[in-house]
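Down below is the structure, laid out as structure tokens.
Within every chain, numbering begins at 1; the chains are lettered A, B, ... in the order of the sequence lines, protein sequences first and strands thereafter. What's counted below: heavy atoms across the whole structure, side chains too, no hydrogens, waters or symmetry copies.
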2 protein chains.
Amino acid sequence: MSVVARLRGVGLRPTRQRVALARLLLEKGGRHITAEQLHGEARAAAVRVSLATVYNTLHQFTEAGLLREVIVDPGRSYFDTNTSEHHHFFDEGTGELLDIGADVVVSGLPLPPSGTQVHRLDIVVRVGPERR
Amino acid sequence: MSVVARLRGVGLRPTRQRVALARLLLEKGGRHITAEQLHGEARAAAVRVSLATVYNTLHQFTEAGLLREVIVDPGRSYFDTNTSEHHHFFDEGTGELLDIGADVVVSGLPLPPSGTQVHRLDIVVRVGPERR
DNA sequence: CAAGAGATAAGAATAATTCTAATCTGCGCT
DNA sequence: AGCGCAGATTAGAATTATTCTTATCTCTTG
């Protein structure tokens, strides 16, 4: 499906900048990116877009289910183009995120606190350079 | 063991502010707190301490293994006085963190990327207000 | 108790993000 | 095809959490 059609499908007007950002993000899968990084890529691709719009767009896409926010670093948000349920390796040295594709099963979890319901379950495996 | 002895044990000089903060943090277990919150508590307890020192102290305590940093919110760091291996419920509405005391077992994880080793595994169960 | 290493404080600096208000643009309607 | 306007974008200011800087202070050791 074209990027324009996907945007229309989630009720977002396919403006020049939204289409350009969606192309960068969605046309090659498996991306993990911060707002700054995406802004940089957009400028590199000669797309005129402000940082504020990058932030707006990332949040709108997330709300629309086109992206998923991954929280692994205090003070920086990562967005993942893989919206299916999955988990991550996070390299604390390089700041790189890697999808865990395999099916992971968690057992032994208690029920959520009363009055609340589970919204999402995130597993982050923090890794660092091997040392022996 | 006294707070002063614990600080000495990890190589930190038991200064007035470190002792006071350690008392607030460690003498009642199971706390999850941000730097701002701890600074507020210190002032409420008539402990004269700057925010910068609260940040320094939290990081030093974490490095020394007296605290554990929990990353659940982009743009805010939580510190947990429970340093044993455990996981969390995070209420996205209230911003409250709750320890998961039960033994949780994760199966199906692939090996970490080559050249890296696992440093820590975090599970965050994000919950929100129940709605039906 | 003096000296010096290490600790603290206040405010400036930084980084990521959000807000503001003014201008622009996609799109339905004619 | 052109109009009008709701919604989108922008630049820059503002905000928030955190870190840095540098001068002053205070534990500890001799």
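Taken together through direct or relayed side-chain contacts under 4.5 Å among Ile, Leu, Val, Met, Phe, Trp and Tyr, B:I123 and A:V127 form part of one hydrophobic cluster.
Looking at the side chain of A:A52, the nearest of the listed nucleotides C:dC19, D:dT19, D:dT9 is C:dC19. Side chain of B:P14, nearest nucleotide from C:dA16, D:dC27, D:dA8: D:dC27. Out of C:dC27, D:dT10, C:dA7, the shortest distance to the side chain of A:N56 is found at D:dT10. The side chain of B:R13 approaches C:dA7 more closely than any other nucleotide in the set C:dT25, C:dA9, C:dA7.
Rounding to whole angstrom units, NE2 of residue B:H39 and C1' of D:dT18 are separated by 14 Å. Between the CG atom of A:D73 and the P atom of C:dA15 there is a distance of 14 Å, given to the nearest Å. In this structure, the CZ atom of A:R16 is 9 Å from the P atom of D:dT9, given to the nearest Å. In this entry the distance linking CG of B:L12 with C1' of C:dA5 reads 15 Å, nearest Å. As rounded to whole Å, 15 Å separates atom C1' of D:dA8 from atom CZ of A:R8. Note: OH (A:Y78) to P (C:dT17) measures 10 Å, nearest angstrom. Protein atom CZ of B:R76 is 8 Å distant from nucleotide atom P of D:dT18, rounded to whole Å. B:I71 has its CD1 atom 14 Å from the C1' atom of D:dA17, to the nearest Å.
Between B:Y55 and D:dT19 there is no side-chain N or O to OP1 or OP2 distance below 4.0 Å. Checking the phosphate oxygens (OP1, OP2) of D:dT10, a side-chain nitrogen or oxygen of A:S50 falls inside 4.0 Å. The side chain of A:R18 contributes no N or O atom lying less than 4.0 Å from OP1 or OP2 of D:dG7. Phosphate contact (OP1/OP2 of C:dT25, side-chain N/O of A:Q17, threshold under 4.0 Å): absent. OP1 and OP2 of D:dT10 both lie 4.0 Å or more from every side-chain N or O belonging to A:R48.
Put simply, the side chain of A:E41 reaches to within 4.5 Å of the side chain of A:I33, judged on heavy atoms. Contact of the B:R18 side chain with the B:F61 side chain is registered, since non-hydrogen atoms from C-beta on lie closer than 4.5 Å.
Heavy atoms of A:H59 sit under 4.0 angstrom from primed sugar atoms or phosphate atoms, though from no base atom. Contacts of B:P74 with the nucleic acid, taken as non-hydrogen atoms under 4.0 Å apart, are absent. Nucleic acid contact class of A:S77 (heavy atoms, under 4.0 Å, all strands): sugar-phosphate only.
Heavy atoms only, all atoms of each residue included: B:V106 and B:L109 are closest at CG1-CG, 3.9 Å.
Judged by closest nucleotide on DNA chain D, B:L51 is the one of B:L51 and B:T15 placed further toward the 5' end. A residue-by-residue look at B:G11 and A:T34 shows that B:G11 has its nearest nucleotide of DNA chain C further toward the 5' end.
Put simply, the residue from B:V47, B:L24, B:V3, B:L12 that forms a side chain to side chain contact (heavy atoms under 4.5 Å, CB included) with B:V19 is B:V3.
Classification of B:D80 and B:R31 as a salt-bridged pair fails, no side-chain N sitting under 4.0 Å from a carboxylate O.
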